[in-house]
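Since the structure comes first, as structure tokens, the remarks are kept for the end.
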Amino acid sequence: MLDVLHVTGGGCVGGTLRVSGAKNSALPILAGTLLVNGIVQLRNLPHLQDVTTMIGLLNLLGARFLVEESMHLEVDTRDIHCFEAPYDLVNTMRASFLVLGPLLARFRRARVSLPGGCAIGSRPIDLHIKALQQLGAIIEVKNGYVHAVAPNGLVGAQVVFERPTVTGTENIMMAAVLARGTSVISGAAKEPEVVDLANFLNLCGARITGAGTAEIKIEGVPALQGSCDYTIMGDRIEAGTFLIAAAITSGQIRLEGVHPKFLSCVLEHLILTGAMIDQGDDWIALDMQGRRPRAVSIETEAFPGFPTDLQAQWLALNCIAEGEAVVKENVFENRFMHVQEMQRMGAQLTLCNQSVTSQGVRALHAAGVSATDLRASASLILAGLVAQGTTVIHQIHHIDRGYEHIEAKFLNIGCKIRRSLHQGAEERTEKAVQ
Ligand code: EPZ
């Protein structure tokens, strides 16, 4: 039985939320524990399907865990005895591919299933492979697996990424930490999650400088020591999702546990919609003062540009905002699966190549819709908040991968949302038109 979400439109968002730990920090940092011959403490881990999957993978490799209260995790990677990430796990979650670099660096071998594509694109990993080879890895791709060995250990090198890749940068940075000599990654991804990973590794004894810029320098060290205690950063994408929820409903929200500097581009665009923004070191407040947002065009880019992970949520905003705007997706080749779902709800959208032009309408109308990827599912909740009637969202397993306690958070800010088990078609239709 698959769960569905019922979202009843009307009313506006109002309240305060604490943002969960960042999924896209937690995953590489968990993979990074494989580099440590010891015990580490990780705090502020989000309670997410993807985090559970990564913990399951590390457990399969031989890591041991002690789950403290509220996702404070103790990870012991002294007895890693398996070096294979199997198809079923990597296929469940692409980020499992992040164990390749650490296993190769510390154990000089790894067998990792090729991550498949997904709803948003083919998601190649050619840049990861090429960069690891530049560090001296001998890699063969056969039978759907990447077989990698480094019999004499990895050797520091100059690695150039012809385009920024977040997990590519993270995989290579981790591999270089235990390489002999110094590595320099040029064309590195600048995402805050790359910086969070570097901070964790440096706390364990790595020597990484330049994370957050296009050039990262890693001086190889013989080993990383345990007994470090690290707190994962707040999830800027979750924060952006809830800021847009307040904007789309002409409401107000205060988010705690997130650094505004990681959302500068999004905040600039929210101000253009007419939002009043206030901020501190680790909090952001948005107030629409009851006004309908103005439609604002965006183009997704690598950090510090507008994040592709907030593109679908922004499109939902433009659906009911005043005026015409264009959303252009430059990062992934197929990240508009949510467009047809929003059109079912009455959105006036025209998709042409990698751009969607919207004509804002006053309100959408409820419908039965299906989520297609993690962020698209969040955008359908936002659309449901401003639809007349109750929207029923199917395939919400996508959403549980990336948003912790999603209903509780929306309920906490005044939204009408509930989860139920899958319904028959007739009941689904009846509900949707209520
Ligand atoms: C990370 O994916 C995130 N995932 C994604 O978040 C995010 O959308 C993406 O970065 C972009 O910001 C995690 O951090 C776990 P990329 P990643 O490599 O690293 C191309 C979410 O919803 N490319 O930066 O896989 C690729 O096709 C997820 O939380 C190659 O061509 O993305 C894409 O067009 C979705 N060859 C572009 O680079 C490669 O070897 C950027 O991809 C690698 C990537």
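Please read all numbers here as calculations on a predicted model, not as lab measurements. As the structure lists them, so they are numbered: ligands from 1, and atoms in each ligand from 1. For reference, positions follow the sequence shown, starting with 1.
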**OP:** Flag yes if more than 12 heavy atoms outside His397 fall under 6.0 Å of its NE2 atom; otherwise flag no.
**Re:** yes
Original post:
Can we say Lys23 and Glu193 salt-bridge, meaning some charged N sits less than 4.0 Å from an Asp/Glu carboxylate O?
Top reply: no
Original post:
Nearest protein heavy atom to atom 39 (C) of ligand 1, by residue and atom, and its distance?
Top reply: Pro124 O, 3.1 Å
**OP:** Check each atom of ligand 1 against the heavy atoms of His128 and keep those under 4.0 Å away; list them by number with element.
**Re:** 40 (O)
**OP:** Before accepting this row, confirm whether a basic side-chain N of the pair Glu407/Arg419 lies closer than 4.0 Å to the acidic partner's carboxylate O.
**Re:** yes
Subject >> For atom 16 (P) of ligand 1, the protein heavy atom that lies nearest, with its residue and separation >> reply: Val166 N, 3.7 Å
Original post:
Are the side chain of Gln395 and the backbone of Ala371 linked by a donor-acceptor contact shorter than 3.5 Å?
Top reply: no
Original post:
Considering only protein heavy atoms, which is closest to atom 34 (O) of ligand 1, and at what distance to one decimal place?
Top reply: Val331 O, 2.6 Å
Subject >> Basic-acidic side-chain contact under 4.0 Å: Arg401, Asp373 >> reply: no
**OP:** May I ask you to list the atoms of ligand 1 that are less than 4.0 angstrom from any heavy atom of Leu127?
**Re:** 30 (C), 36 (N), 39 (C), 40 (O)
**OP:** Using a 4.0 Å heavy-atom cut-off, say whether Leu374 meets ligand 1 through its side chain, its backbone, both or neither.
**Re:** side chain
Original post:
Is it the side chain (CB and beyond), the backbone, both or neither of Arg335 that lies under 4.0 Å from ligand 1, heavy atoms counted?
Top reply: side chain
Original post:
Would you say Asp281 has more than 12 foreign heavy atoms packed within less than 6.0 Å of its CG?
Top reply: no
**OP:** Would you mind checking which non-hydrogen protein atom is closest to atom 19 (O) of ligand 1, with the distance to 0.1 Å?
**Re:** Thr167 OG1, 2.6 Å
Original post:
Which protein heavy atom lies closest to atom 36 (N) of ligand 1, and at what distance to 0.1 Å?
Top reply: Asp126 OD1, 2.8 Å
Subject >> atom 25 (O) of ligand 1: nearest protein contact (heavy atom, Å) >> reply: Arg123 NH2, 3.0 Å
Original post:
Which atoms of ligand 1 have any heavy atom of Ile125 under 4.0 Å away?
Top reply: 39 (C), 40 (O)
Subject >> Stepwise side chain to side chain donor-acceptor pair (under 3.5 Å) check, Gln311 with His338 >> reply: CA-CA 10 Å; Gln311 178 260 99; His338 43 282; 2.9 Å; yes
Original post:
How many angstroms lie between atom CD of Gln49 and atom NE2 of His398, to the nearest 0.5 angstrom?
Top reply: 12.0 Å
Original post:
Nearest heavy atom to atom 38 (O) of ligand 1: which of Met54, Glu238, Glu193, Arg163 does it belong to?
Top reply: Arg163
Subject >> Identity and distance of the protein heavy atom lying nearest atom 8 (O) of ligand 1 >> reply: Asp309 OD1, 2.6 Å
Original post:
What protein heavy atom sits nearest atom 15 (C) of ligand 1, and how far away is it?
Top reply: Asn24 OD1, 3.4 Å
Original post:
Backbone, side chain, both or neither: what part of Thr165 comes under 4.0 angstrom of ligand 1, heavy atoms only?
Top reply: both
Original post:
Any idea which atoms of ligand 1 are less than 4.0 Å away from a heavy-atom of Arg375?
Top reply: 21 (C), 22 (O), 29 (O)
Original post:
Between Lys217 and Glu215, is there a salt bridge with N-O shorter than 4.0 Å?
Top reply: no
Could you give the side-chain donor-acceptor pairs of residues 100-108 under 3.5 Å, partners two or more places apart or in another chain?
residue: Arg106; atom: NH1; partner: Leu34; partner atom: O; Å: 2.8
residue: Arg106; atom: NH1; partner: Val36; partner atom: O; Å: 3.2
residue: Arg106; atom: NH1; partner: Thr77; partner atom: O; Å: 3.0
residue: Arg106; atom: NH2; partner: Asn37; partner atom: OD1; Å: 3.4
residue: Arg106; atom: NH2; partner: Thr77; partner atom: O; Å: 3.0
residue: Arg108; atom: NH1; partner: Pro151; partner atom: O; Å: 3.2

**OP:** Could you say whether the N/O atoms of Leu27 and ligand 1 ever approach to under 3.5 Å?
**Re:** no
**OP:** Applying ring pair (Phe, Tyr, Trp, His ring centres under 6.0 Å), name anything that partners Phe306, two or more places apart in sequence or on another chain.
**Re:** His269, Trp314
Original post:
Counting only heavy atoms not in Arg111, do more than 12 sit closer than 6.0 Å to its CZ atom?
Top reply: yes
Original post:
In terms of atom number and element, which parts of ligand 1 are under 4.0 angstrom from non-hydrogen atoms of Lys23?
Top reply: 21 (C), 29 (O)
Original post:
Of the backbone atoms (N, CA, C, O) and the side-chain heavy atoms from C-beta on, which set of Glu170 has a member under 4.0 Å from an atom of ligand 1: side chain, backbone, both, or neither?
Top reply: neither
